> 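Can you keep this structure in mind? I'll have questions shortly.
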Amino acid sequence: AGKRLYLGMDFGTSGARYALIDKQGAIYSQGKKEYPLYTSEEPMDWVRSWKTTLFSLLEDVPSHLRPLIASISIDGTSATTMIVDSNTGDPLCRPYLYNESCVDALPVVKSIAPANHTVCTGSSTLCKLVSWWNIEDSNKNSALLLHQADWLLWLLHGKLGVSDYNNALKVGYDPELDSYPPWLLAQPYSQLLPTVTAPGTSIGCLKEDIRSQFGFPEDCVVCTGTTDSIAAFLAARATQPGKAVTSLGSTLAIKLLSTSRIEDARFGVYSHRLDDKWLVGGASNTGGAVLRQLFTDEQLDKLSEQINPMEASPLDYYPLKAAGERFPVADPNLAPRLHPRPESDVEYLHGILESIARIEAKAYSLLKDMGATQVEEVFTAGGGAKNEKWTKIRERVLGLPVSRALQTEAAYGAALLALKGAQQIVN
Ligand code: ADP
(Lines give C-alpha, C1' and ligand atoms only; values in the text may rest on other atoms or scores of the structure.)
Protein backbone atom coordinates (compact mmCIF):
# COMPACT_ATOMS: atom_id res chain seq x y z
CA ALA A 1 0.00 0.00 0.00
CA GLY A 2 1.18 3.55 -0.71
CA LYS A 3 1.26 6.63 1.44
CA ARG A 4 -1.86 7.32 3.54
CA LEU A 5 -2.88 10.65 5.06
CA TYR A 6 -5.29 11.65 7.84
CA LEU A 7 -7.51 14.73 7.84
CA GLY A 8 -8.55 16.65 10.95
CA MET A 9 -10.87 19.65 11.02
CA ASP A 10 -11.42 22.07 13.91
CA PHE A 11 -14.58 24.16 14.19
CA GLY A 12 -13.59 26.83 16.70
CA THR A 13 -15.33 29.95 17.92
CA SER A 14 -14.40 32.29 15.06
CA GLY A 15 -13.41 30.01 12.22
CA ALA A 16 -12.40 26.55 11.11
CA ARG A 17 -9.06 24.95 10.26
CA TYR A 18 -7.83 21.73 8.76
CA ALA A 19 -4.61 19.76 9.11
CA LEU A 20 -3.54 16.85 6.93
CA ILE A 21 -0.90 14.58 8.46
CA ASP A 22 0.82 11.26 7.81
CA LYS A 23 1.26 8.33 10.21
CA GLN A 24 4.34 9.94 11.77
CA GLY A 25 2.50 13.20 12.37
CA ALA A 26 4.21 15.22 9.62
CA ILE A 27 1.95 17.96 8.23
CA TYR A 28 1.26 17.73 4.48
CA SER A 29 -1.19 20.58 4.24
CA GLN A 30 -3.12 22.93 6.48
CA GLY A 31 -5.44 25.88 6.12
CA LYS A 32 -8.14 27.97 7.69
CA LYS A 33 -11.41 29.69 6.83
CA GLU A 34 -13.35 32.35 8.68
CA TYR A 35 -17.03 31.58 8.97
CA PRO A 36 -18.85 33.42 6.17
CA LEU A 37 -20.98 36.26 7.48
CA TYR A 38 -24.48 36.19 6.14
CA THR A 39 -26.14 39.55 5.80
CA SER A 40 -29.33 38.64 7.64
CA GLU A 41 -29.40 38.20 11.39
CA GLU A 42 -31.13 34.84 10.96
CA PRO A 43 -29.65 32.63 13.74
CA MET A 44 -30.20 29.50 11.63
CA ASP A 45 -27.41 30.93 9.48
CA TRP A 46 -24.88 29.45 11.89
CA VAL A 47 -25.77 26.02 10.54
CA ARG A 48 -25.42 27.15 6.92
CA SER A 49 -22.17 28.86 7.77
CA TRP A 50 -20.64 25.73 9.36
CA LYS A 51 -21.80 23.55 6.47
CA THR A 52 -20.40 25.95 3.85
CA THR A 53 -17.12 26.13 5.76
CA LEU A 54 -16.88 22.32 5.99
CA PHE A 55 -17.11 21.92 2.23
CA SER A 56 -14.85 24.86 1.45
CA LEU A 57 -12.17 23.33 3.72
CA LEU A 58 -12.51 20.03 1.80
CA GLU A 59 -12.02 22.02 -1.41
CA ASP A 60 -8.91 23.67 0.04
CA VAL A 61 -7.25 20.29 0.59
CA PRO A 62 -4.91 20.00 -2.43
CA SER A 63 -6.61 17.70 -4.95
CA HIS A 64 -3.50 15.58 -5.53
CA LEU A 65 -3.44 14.68 -1.80
CA ARG A 66 -7.15 13.81 -1.48
CA PRO A 67 -6.83 10.28 -2.96
CA LEU A 68 -4.40 9.44 -0.12
CA ILE A 69 -6.78 10.34 2.71
CA ALA A 70 -7.65 7.25 4.77
CA SER A 71 -9.82 8.95 7.41
CA ILE A 72 -11.39 12.18 8.60
CA SER A 73 -12.32 13.50 12.05
CA ILE A 74 -13.74 16.80 13.36
CA ASP A 75 -13.73 18.65 16.69
CA GLY A 76 -16.25 21.33 17.64
CA THR A 77 -16.84 23.83 20.42
CA SER A 78 -17.92 22.12 23.62
CA ALA A 79 -21.67 22.25 24.42
CA THR A 80 -22.63 23.70 21.03
CA THR A 81 -25.91 21.86 20.66
CA MET A 82 -28.24 21.08 17.78
CA ILE A 83 -31.72 19.56 17.83
CA VAL A 84 -32.38 17.91 14.48
CA ASP A 85 -35.04 15.82 12.79
CA SER A 86 -34.14 12.19 13.50
CA ASN A 87 -35.19 11.16 9.97
CA THR A 88 -33.67 13.90 7.83
CA GLY A 89 -30.96 15.42 10.03
CA ASP A 90 -32.36 18.89 9.36
CA PRO A 91 -32.17 21.29 12.32
CA LEU A 92 -35.51 21.77 14.10
CA CYS A 93 -34.35 25.02 15.67
CA ARG A 94 -31.36 27.31 15.63
CA PRO A 95 -28.22 25.86 17.27
CA TYR A 96 -27.50 26.64 20.91
CA LEU A 97 -23.98 28.08 20.96
CA TYR A 98 -21.27 26.91 23.41
CA ASN A 99 -21.46 30.02 25.61
CA GLU A 100 -25.23 30.42 25.61
CA SER A 101 -26.91 30.03 28.96
CA CYS A 102 -30.31 28.40 29.45
CA VAL A 103 -30.87 29.32 33.07
CA ASP A 104 -34.61 28.65 32.63
CA ALA A 105 -33.77 24.92 32.62
CA LEU A 106 -31.38 25.03 35.58
CA PRO A 107 -33.91 24.33 38.38
CA VAL A 108 -35.20 21.23 36.56
CA VAL A 109 -31.68 19.99 35.78
CA LYS A 110 -30.56 20.54 39.38
CA SER A 111 -33.56 18.59 40.62
CA ILE A 112 -32.69 15.46 38.59
CA ALA A 113 -28.87 15.48 38.51
CA PRO A 114 -26.53 14.68 41.44
CA ALA A 115 -25.32 17.76 43.32
CA ASN A 116 -22.46 19.65 41.62
CA HIS A 117 -22.70 17.54 38.46
CA THR A 118 -21.13 19.03 35.28
CA VAL A 119 -24.63 19.50 33.81
CA CYS A 120 -25.60 21.87 36.65
CA THR A 121 -24.60 25.05 34.82
CA GLY A 122 -26.79 27.09 32.48
CA SER A 123 -24.53 26.55 29.47
CA SER A 124 -24.47 22.76 29.75
CA THR A 125 -25.83 20.74 26.86
CA LEU A 126 -28.44 19.22 29.16
CA CYS A 127 -29.81 22.66 30.13
CA LYS A 128 -30.09 23.44 26.41
CA LEU A 129 -31.95 20.18 25.77
CA VAL A 130 -34.34 20.69 28.68
CA SER A 131 -34.95 24.30 27.66
CA TRP A 132 -35.90 23.18 24.13
CA TRP A 133 -38.04 20.34 25.48
CA ASN A 134 -40.02 22.71 27.71
CA ILE A 135 -40.66 25.27 24.97
CA GLU A 136 -41.32 22.95 22.04
CA ASP A 137 -44.69 21.23 21.72
CA SER A 138 -44.47 19.57 18.29
CA ASN A 139 -41.65 17.53 16.72
CA LYS A 140 -40.78 15.88 20.01
CA ASN A 141 -41.17 12.34 18.69
CA SER A 142 -38.82 12.73 15.76
CA ALA A 143 -36.11 14.85 17.38
CA LEU A 144 -32.46 14.01 17.98
CA LEU A 145 -29.73 15.85 19.88
CA LEU A 146 -26.32 16.23 18.25
CA HIS A 147 -23.26 18.27 19.10
CA GLN A 148 -21.74 20.55 16.47
CA ALA A 149 -18.97 18.05 15.63
CA ASP A 150 -21.45 15.13 15.46
CA TRP A 151 -23.64 16.98 12.97
CA LEU A 152 -20.74 18.04 10.73
CA LEU A 153 -19.42 14.47 10.76
CA TRP A 154 -22.93 13.25 9.88
CA LEU A 155 -22.83 15.39 6.73
CA LEU A 156 -19.83 13.27 5.74
CA HIS A 157 -20.90 9.73 6.78
CA GLY A 158 -24.71 9.89 6.75
CA LYS A 159 -25.44 7.81 9.89
CA LEU A 160 -27.60 9.86 12.22
CA GLY A 161 -27.22 9.75 15.99
CA VAL A 162 -23.54 9.14 16.77
CA SER A 163 -21.42 11.11 19.24
CA ASP A 164 -18.28 10.68 21.39
CA TYR A 165 -17.89 10.65 25.17
CA ASN A 166 -15.99 13.95 25.29
CA ASN A 167 -18.72 15.95 23.57
CA ALA A 168 -21.40 14.01 25.48
CA LEU A 169 -19.98 14.78 28.96
CA LYS A 170 -21.94 18.02 29.29
CA VAL A 171 -25.24 16.36 28.38
CA GLY A 172 -24.67 14.00 31.31
CA TYR A 173 -23.01 10.93 29.75
CA ASP A 174 -21.03 8.98 32.35
CA PRO A 175 -17.69 8.02 30.77
CA GLU A 176 -16.83 5.72 33.66
CA LEU A 177 -20.06 3.66 33.42
CA ASP A 178 -19.80 4.10 29.65
CA SER A 179 -23.51 4.85 29.47
CA TYR A 180 -26.03 7.54 30.23
CA PRO A 181 -26.80 7.45 33.96
CA PRO A 182 -30.15 6.08 35.20
CA TRP A 183 -31.37 9.52 36.39
CA LEU A 184 -30.99 10.80 32.82
CA LEU A 185 -32.44 7.72 31.11
CA ALA A 186 -35.54 8.11 33.30
CA GLN A 187 -36.37 11.45 31.61
CA PRO A 188 -38.76 11.58 28.63
CA TYR A 189 -36.20 13.51 26.54
CA SER A 190 -33.59 10.75 26.92
CA GLN A 191 -34.95 9.36 23.64
CA LEU A 192 -33.20 12.30 21.90
CA LEU A 193 -29.72 11.34 23.13
CA PRO A 194 -27.19 10.06 20.58
CA THR A 195 -25.21 6.82 20.75
CA VAL A 196 -21.77 7.40 22.26
CA THR A 197 -18.38 5.91 21.31
CA ALA A 198 -14.74 6.71 22.09
CA PRO A 199 -13.27 9.70 20.21
CA GLY A 200 -11.47 8.49 17.09
CA THR A 201 -13.77 5.54 16.37
CA SER A 202 -14.62 4.79 12.75
CA ILE A 203 -18.33 5.43 12.13
CA GLY A 204 -18.53 4.51 8.45
CA CYS A 205 -17.34 5.31 4.95
CA LEU A 206 -17.34 8.79 3.54
CA LYS A 207 -20.60 9.27 1.58
CA GLU A 208 -20.33 8.15 -2.03
CA ASP A 209 -21.38 11.48 -3.57
CA ILE A 210 -18.86 13.49 -1.52
CA ARG A 211 -16.14 10.92 -2.18
CA SER A 212 -16.56 11.11 -5.94
CA GLN A 213 -17.12 14.87 -6.02
CA PHE A 214 -13.88 15.62 -4.14
CA GLY A 215 -11.77 12.66 -5.23
CA PHE A 216 -11.35 10.88 -1.88
CA PRO A 217 -10.56 7.15 -1.99
CA GLU A 218 -13.21 4.41 -1.73
CA ASP A 219 -11.99 3.21 1.69
CA CYS A 220 -11.96 6.67 3.31
CA VAL A 221 -13.69 6.45 6.71
CA VAL A 222 -15.17 9.11 9.00
CA CYS A 223 -14.31 8.90 12.73
CA THR A 224 -15.86 10.37 15.87
CA GLY A 225 -14.32 13.61 17.12
CA THR A 226 -13.97 15.50 20.39
CA THR A 227 -14.22 19.05 21.75
CA ASP A 228 -11.92 21.83 20.58
CA SER A 229 -9.96 22.15 23.83
CA ILE A 230 -9.37 18.40 24.08
CA ALA A 231 -8.25 18.36 20.43
CA ALA A 232 -5.75 21.11 21.28
CA PHE A 233 -4.42 18.97 24.15
CA LEU A 234 -4.13 15.93 21.85
CA ALA A 235 -2.08 18.04 19.41
CA ALA A 236 0.73 18.33 21.99
CA ARG A 237 0.99 14.50 21.99
CA ALA A 238 1.25 14.29 25.77
CA THR A 239 0.24 10.64 25.70
CA GLN A 240 1.69 9.30 28.99
CA PRO A 241 0.19 9.76 32.48
CA GLY A 242 2.04 12.61 34.21
CA LYS A 243 2.43 14.64 31.00
CA ALA A 244 0.61 17.95 31.03
CA VAL A 245 -0.11 20.98 28.92
CA THR A 246 -0.23 24.47 30.43
CA SER A 247 -1.96 27.00 28.24
CA LEU A 248 -0.65 30.54 28.86
CA GLY A 249 -3.15 32.65 26.97
CA SER A 250 -5.35 35.38 28.41
CA THR A 251 -5.88 32.98 31.30
CA LEU A 252 -3.88 30.06 32.67
CA ALA A 253 -5.36 26.62 32.01
CA ILE A 254 -3.77 23.31 32.84
CA LYS A 255 -4.55 19.84 31.55
CA LEU A 256 -2.91 16.74 32.99
CA LEU A 257 -3.10 13.14 31.79
CA SER A 258 -3.89 10.97 34.80
CA THR A 259 -4.63 7.32 35.52
CA SER A 260 -7.34 8.38 37.97
CA ARG A 261 -10.44 10.49 37.52
CA ILE A 262 -10.86 13.50 39.78
CA GLU A 263 -13.71 16.00 40.13
CA ASP A 264 -14.13 18.96 42.45
CA ALA A 265 -16.87 21.43 41.65
CA ARG A 266 -15.54 23.98 44.17
CA PHE A 267 -12.38 24.42 42.10
CA GLY A 268 -14.06 23.78 38.74
CA VAL A 269 -11.88 20.72 38.29
CA TYR A 270 -13.20 17.83 36.21
CA SER A 271 -11.96 14.94 34.09
CA HIS A 272 -12.61 13.88 30.54
CA ARG A 273 -12.04 10.26 29.55
CA LEU A 274 -9.33 9.48 27.00
CA ASP A 275 -9.49 5.70 26.41
CA ASP A 276 -8.05 4.12 29.60
CA LYS A 277 -6.84 7.43 31.07
CA TRP A 278 -8.32 10.71 32.31
CA LEU A 279 -7.66 14.21 31.14
CA VAL A 280 -7.87 16.36 34.26
CA GLY A 281 -8.40 20.08 33.76
CA GLY A 282 -8.54 23.27 35.75
CA ALA A 283 -8.45 26.96 34.85
CA SER A 284 -7.18 29.97 36.79
CA ASN A 285 -8.13 33.59 36.10
CA THR A 286 -4.50 34.67 36.21
CA GLY A 287 -2.55 34.81 32.95
CA GLY A 288 -1.57 36.97 30.02
CA ALA A 289 -4.55 39.32 30.19
CA VAL A 290 -2.94 41.08 33.17
CA LEU A 291 0.39 41.34 31.32
CA ARG A 292 -1.41 42.94 28.38
CA GLN A 293 -2.91 45.58 30.72
CA LEU A 294 0.58 46.58 31.89
CA PHE A 295 2.84 46.04 28.87
CA THR A 296 2.68 45.80 25.10
CA ASP A 297 3.87 42.55 23.53
CA GLU A 298 7.03 44.37 22.35
CA GLN A 299 7.74 45.58 25.90
CA LEU A 300 7.23 42.04 27.15
CA ASP A 301 9.88 40.80 24.71
CA LYS A 302 12.37 43.57 25.58
CA LEU A 303 11.92 43.41 29.37
CA SER A 304 11.99 39.60 29.42
CA GLU A 305 15.38 39.60 27.70
CA GLN A 306 16.85 41.35 30.75
CA ILE A 307 15.46 38.92 33.34
CA ASN A 308 17.81 36.46 35.00
CA PRO A 309 15.53 33.41 35.27
CA MET A 310 17.91 31.51 37.59
CA GLU A 311 17.31 34.09 40.32
CA ALA A 312 14.11 33.80 42.36
CA SER A 313 12.06 37.01 42.53
CA PRO A 314 11.11 38.00 46.10
CA LEU A 315 7.98 39.77 44.82
CA ASP A 316 4.77 37.95 45.66
CA TYR A 317 1.75 38.89 43.55
CA TYR A 318 -1.58 37.40 42.59
CA PRO A 319 -2.10 38.84 39.10
CA LEU A 320 -5.81 39.04 38.22
CA LYS A 321 -7.76 41.35 35.90
CA ALA A 322 -10.64 41.52 38.36
CA ALA A 323 -11.42 40.14 41.80
CA GLY A 324 -12.29 36.46 41.99
CA GLU A 325 -10.49 33.18 41.49
CA ARG A 326 -11.65 29.58 41.06
CA PHE A 327 -8.52 27.44 40.81
CA PRO A 328 -6.14 26.70 42.57
CA VAL A 329 -7.83 29.02 45.11
CA ALA A 330 -11.61 28.93 45.25
CA ASP A 331 -12.46 32.48 46.37
CA PRO A 332 -14.97 34.58 44.40
CA ASN A 333 -13.68 37.69 46.22
CA LEU A 334 -9.92 37.16 45.91
CA ALA A 335 -8.45 40.61 45.21
CA PRO A 336 -5.76 41.14 42.54
CA ARG A 337 -2.36 41.74 44.16
CA LEU A 338 0.17 43.62 42.01
CA HIS A 339 1.88 45.78 44.60
CA PRO A 340 4.41 46.93 45.66
CA ARG A 341 5.59 47.93 42.20
CA PRO A 342 9.40 48.26 42.04
CA GLU A 343 11.01 51.10 40.08
CA SER A 344 12.47 48.71 37.59
CA ASP A 345 10.01 47.30 35.05
CA VAL A 346 12.31 44.31 34.56
CA GLU A 347 11.99 43.48 38.27
CA TYR A 348 8.25 44.08 38.12
CA LEU A 349 7.75 41.73 35.16
CA HIS A 350 10.05 39.17 36.76
CA GLY A 351 7.87 39.27 39.89
CA ILE A 352 4.68 38.83 37.89
CA LEU A 353 6.02 35.96 35.77
CA GLU A 354 7.41 34.28 38.89
CA SER A 355 4.09 34.73 40.73
CA ILE A 356 2.11 33.20 37.85
CA ALA A 357 4.60 30.29 37.86
CA ARG A 358 3.93 29.80 41.60
CA ILE A 359 0.19 29.70 40.91
CA GLU A 360 0.84 27.11 38.17
CA ALA A 361 2.90 25.02 40.61
CA LYS A 362 0.16 25.28 43.21
CA ALA A 363 -2.38 24.17 40.59
CA TYR A 364 -0.45 20.99 39.73
CA SER A 365 0.16 20.28 43.39
CA LEU A 366 -3.57 20.66 44.17
CA LEU A 367 -4.45 18.17 41.40
CA LYS A 368 -2.05 15.69 42.98
CA ASP A 369 -3.63 16.24 46.42
CA MET A 370 -7.01 15.54 44.84
CA GLY A 371 -5.69 12.18 43.65
CA ALA A 372 -4.42 12.78 40.12
CA THR A 373 -1.19 11.32 38.75
CA GLN A 374 1.84 13.46 39.72
CA VAL A 375 2.94 15.76 36.92
CA GLU A 376 6.30 14.85 35.34
CA GLU A 377 6.66 17.06 32.31
CA VAL A 378 4.89 20.21 31.12
CA PHE A 379 4.34 21.34 27.52
CA THR A 380 3.25 24.92 26.96
CA ALA A 381 0.73 26.40 24.54
CA GLY A 382 -0.63 29.94 24.05
CA GLY A 383 0.98 33.37 23.73
CA GLY A 384 3.19 32.90 26.82
CA ALA A 385 4.81 29.76 25.37
CA LYS A 386 7.25 31.75 23.26
CA ASN A 387 8.77 33.51 26.30
CA GLU A 388 11.95 31.48 26.92
CA LYS A 389 12.83 33.34 30.13
CA TRP A 390 9.41 32.53 31.55
CA THR A 391 9.90 28.88 30.56
CA LYS A 392 13.19 28.87 32.54
CA ILE A 393 11.50 30.52 35.55
CA ARG A 394 8.72 27.93 35.40
CA GLU A 395 11.21 25.05 35.19
CA ARG A 396 12.84 26.30 38.38
CA VAL A 397 9.58 26.96 40.24
CA LEU A 398 7.86 23.73 39.09
CA GLY A 399 11.01 21.63 39.39
CA LEU A 400 10.11 19.94 36.12
CA PRO A 401 11.12 19.91 32.47
CA VAL A 402 9.08 22.56 30.64
CA SER A 403 9.04 23.07 26.88
CA ARG A 404 6.93 24.60 24.16
CA ALA A 405 4.41 22.18 22.64
CA LEU A 406 5.43 21.38 19.06
CA GLN A 407 1.83 21.37 17.86
CA THR A 408 -1.00 23.30 19.46
CA GLU A 409 -3.65 23.46 16.71
CA ALA A 410 -6.87 21.64 17.53
CA ALA A 411 -7.09 20.58 13.85
CA TYR A 412 -3.84 18.67 14.34
CA GLY A 413 -5.36 16.87 17.34
CA ALA A 414 -8.43 16.00 15.25
CA ALA A 415 -6.12 14.59 12.56
CA LEU A 416 -4.54 12.37 15.24
CA LEU A 417 -8.05 11.08 16.05
CA ALA A 418 -8.57 10.31 12.36
CA LEU A 419 -5.27 8.39 12.41
CA LYS A 420 -6.38 6.49 15.53
CA GLY A 421 -9.66 5.49 13.85
CA ALA A 422 -7.94 4.32 10.67
CA GLN A 423 -5.38 2.28 12.61
CA GLN A 424 -8.15 0.46 14.49
CA ILE A 425 -9.52 -0.75 11.17
CA VAL A 426 -6.15 -1.99 9.94
CA ASN A 427 -5.36 -3.84 13.20
P1 ADP B 1 -5.92 33.92 24.06
O2 ADP B 1 -6.12 33.09 22.85
O3 ADP B 1 -6.23 33.24 25.36
O4 ADP B 1 -6.51 35.30 24.00
P5 ADP B 1 -3.08 33.84 23.31
O6 ADP B 1 -2.75 32.41 23.43
O7 ADP B 1 -3.18 34.45 21.95
O8 ADP B 1 -4.36 34.23 24.17
O9 ADP B 1 -1.98 34.65 24.13
C10 ADP B 1 -2.09 36.04 24.29
C11 ADP B 1 -1.45 36.42 25.61
O12 ADP B 1 -0.06 36.17 25.56
C13 ADP B 1 -1.61 37.89 25.90
O14 ADP B 1 -2.41 38.05 27.06
C15 ADP B 1 -0.19 38.42 26.11
O16 ADP B 1 -0.08 39.22 27.28
C17 ADP B 1 0.64 37.16 26.27
N18 ADP B 1 1.97 37.33 25.69
C19 ADP B 1 2.30 37.79 24.48
N20 ADP B 1 3.63 37.85 24.34
C21 ADP B 1 4.18 37.44 25.51
C22 ADP B 1 5.50 37.27 26.01
N23 ADP B 1 6.56 37.55 25.26
N24 ADP B 1 5.64 36.81 27.27
C25 ADP B 1 4.57 36.51 28.02
N26 ADP B 1 3.32 36.64 27.61
C27 ADP B 1 3.10 37.09 26.37
Side-chain angles (χ1 to χ4, degrees), residues 10-17 32 34-35 75-78 97-99 227-236 238 244-255 268 281-311 313 315 317-322 324-327 336 338 341 344-361 363 378-398 402-413:
D10 160 53
F11 282 73
T13 51
S14 62
R17 293 166 190 261
K32 66 171 172 184
E34 307 286 307
Y35 297 129
D75 70 80
T77 46
S78 177
L97 297 186
Y98 61 99
N99 55 357
T227 67
D228 55 350
S229 63
I230 294 178
F233 175 86
L234 295 174
V245 174
T246 296
S247 175
L248 292 172
S250 306
T251 59
L252 179 150
I254 70 174
K255 285 198 164 67
S284 163
N285 292 337
T286 193
V290 177
L291 294 174
R292 192 153 270 176
Q293 276 184 332
L294 298 164
F295 305 110
T296 65
D297 285 6
E298 297 75 53
Q299 284 175 315
L300 285 177
D301 282 341
K302 282 247 159 61
L303 295 169
S304 296
E305 269 174 34
Q306 301 171 61
I307 291 174
N308 175 3
M310 299 311 156
E311 211 169 88
S313 167
L315 298 166
Y317 302 136
Y318 208 108
L320 293 171
K321 254 186 104 168
E325 174 66 307
R326 183 90 182 265
F327 172 78
L338 282 157
R341 179 170 182 158
S344 150
D345 276 347
V346 176
E347 276 176 41
Y348 193 40
L349 179 63
H350 189 170
I352 295 170
L353 297 181
E354 182 112 8
S355 298
I356 296 177
R358 288 188 205 112
I359 295 168
E360 182 185 4
V378 175
F379 301 104
T380 318
K386 62 172 181 280
N387 189 325
E388 284 163 20
K389 293 293 175 74
W390 200 2
T391 302
K392 287 257 154 47
I393 292 172
R394 292 167 56 225
E395 280 201 312
R396 172 170 49 75
V397 174
L398 293 167
V402 179
S403 58
R404 191 175 180 169
L406 291 178
Q407 299 293 338
T408 54
E409 289 292 347
Y412 188 92

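Atoms within a ligand are numbered from 1 in the order they appear, just like the ligands themselves. Here the structure is a predicted model, which is why all the values come from computation and not from measurement.
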> Hey, could you give me the CD/CG distance between E388 and D301, rounded to the nearest 0.5 Å?
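The distance works out to 10.5 Å.
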
> Numbering the atoms of ligand 1 from 1, which are under 4.0 Å from a heavy atom of L291?
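Numbered from 1, ligand 1 contributes 16 (O), 25 (C), 26 (N).
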
> Only counting residues at least two apart or in another chain, list the ones meeting side-chain hydrogen bond (donor to acceptor under 3.5 Å, both in side chains) with E325.
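Here the qualifying residues are S284, Y318.
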
> Have a look at ligand 1 and work out which part of S304, if any, has a heavy atom under 4.0 Å from it: side chain, backbone, both or neither.
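Contact part for S304 vs ligand 1: neither.
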
> Minimum distance, heavy atoms only, to atom 12 (O) of ligand 1: which one of G288, G383, A385 is it?
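Minimum heavy-atom distance to atom 12 (O) of ligand 1 goes to G383.
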
> Quick one: does any side-chain atom of Q407 pair with a main-chain N or O of A235 as donor and acceptor, under 3.5 Å?
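No, Q407 side chain to A235 backbone: no donor-acceptor pair under 3.5 Å.
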
> Considering the heavy atoms of G249, write down every atom of ligand 1 situated less than 4.0 Å from one of them.
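Going through ligand 1 atom by atom, the ones under 4.0 Å from G249 are 3 (O), 5 (P), 6 (O), 8 (O), 9 (O).
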
> Report the distance from atom CG of L234 to atom OG of S229, rounding to the nearest 0.5 Å.
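It is 9.5 Å, given to the nearest 0.5 Å.
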
> At a 4.0 Å threshold, what atoms of ligand 1 neighbour a non-hydrogen atom of G382?
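The list of qualifying atoms is 6 (O).
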
> Grab the two heavy atoms, one from V290 and one from L320, that are nearest each other, plus how far apart they are.
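Closest heavy-atom pair between V290 and L320: CG2-C, 3.4 Å.
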
> Starting from atom 21 (C) of ligand 1, which protein heavy atom do you reach first, and at what distance in Å?
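Here the closest protein heavy atom is L300 CD1, 3.6 Å.
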
> Please could you name the atoms of ligand 1 that S250 approaches to less than 4.0 Å, counting only its heavy atoms?
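Checking each atom against S250, I get 1 (P), 3 (O), 4 (O), 8 (O).
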
> Can you tell me the protein heavy atom closest to atom 13 (C) of ligand 1 and the distance?
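Ranking protein heavy atoms by distance from atom 13 (C) of ligand 1, first comes R292 CZ, 3.6 Å.
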
> Would you compute the distance between atom CG of D228 and atom CZ of R17 and round it to the nearest 0.5 angstrom?
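Answer rounded to 0.5 Å: 12.0 Å.
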
> Does some non-hydrogen atom of the protein lie less than 4.0 angstrom from atom 2 (O) of ligand 1?
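When distances to the protein are checked, atom 2 (O) of ligand 1 has no heavy atom within 4.0 Å.
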
> Considering the heavy atoms of D301, write down every atom of ligand 1 situated less than 4.0 Å from one of them.
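The list of qualifying atoms is 23 (N).
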
> Can you confirm whether more than 12 heavy atoms, excluding those of Q299, are under 6.0 Å from its CD atom?
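Yes - once you tally the heavy atoms of other residues, nucleotides and ligands closer than 6.0 Å, there are more than 12.
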
> K386 heavy atoms, cut-off 4.0 Å: which ligand 1 atoms fall inside?
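Taking each heavy atom of K386 in turn, ligand 1 has 19 (C), 20 (N) under 4.0 Å.
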
> With a heavy-atom distance limit of 4.0 Å, tell me whether W390 approaches ligand 1 through its side chain, its backbone, both, or neither.
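Under 4.0 Å from ligand 1, W390 contributes side-chain atoms alone.
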
> Only one of I254, N387, T391, T380 forms a side chain to side chain contact (heavy atoms under 4.5 Å, CB included) with L248, so which one is it?
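Going through the options one by one, the only one that passes is T380.
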
> Specify the protein heavy atom at minimum distance from atom 24 (N) of ligand 1: its residue, its atom name, and the distance to 0.1 Å.
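Result for atom 24 (N) of ligand 1: N387 ND2, 2.9 Å.
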
> Do the ring centers of Y348 and Y317 come within less than 6.0 Å of each other?
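For Y348 and Y317, the ring centres are under 6.0 Å apart.
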
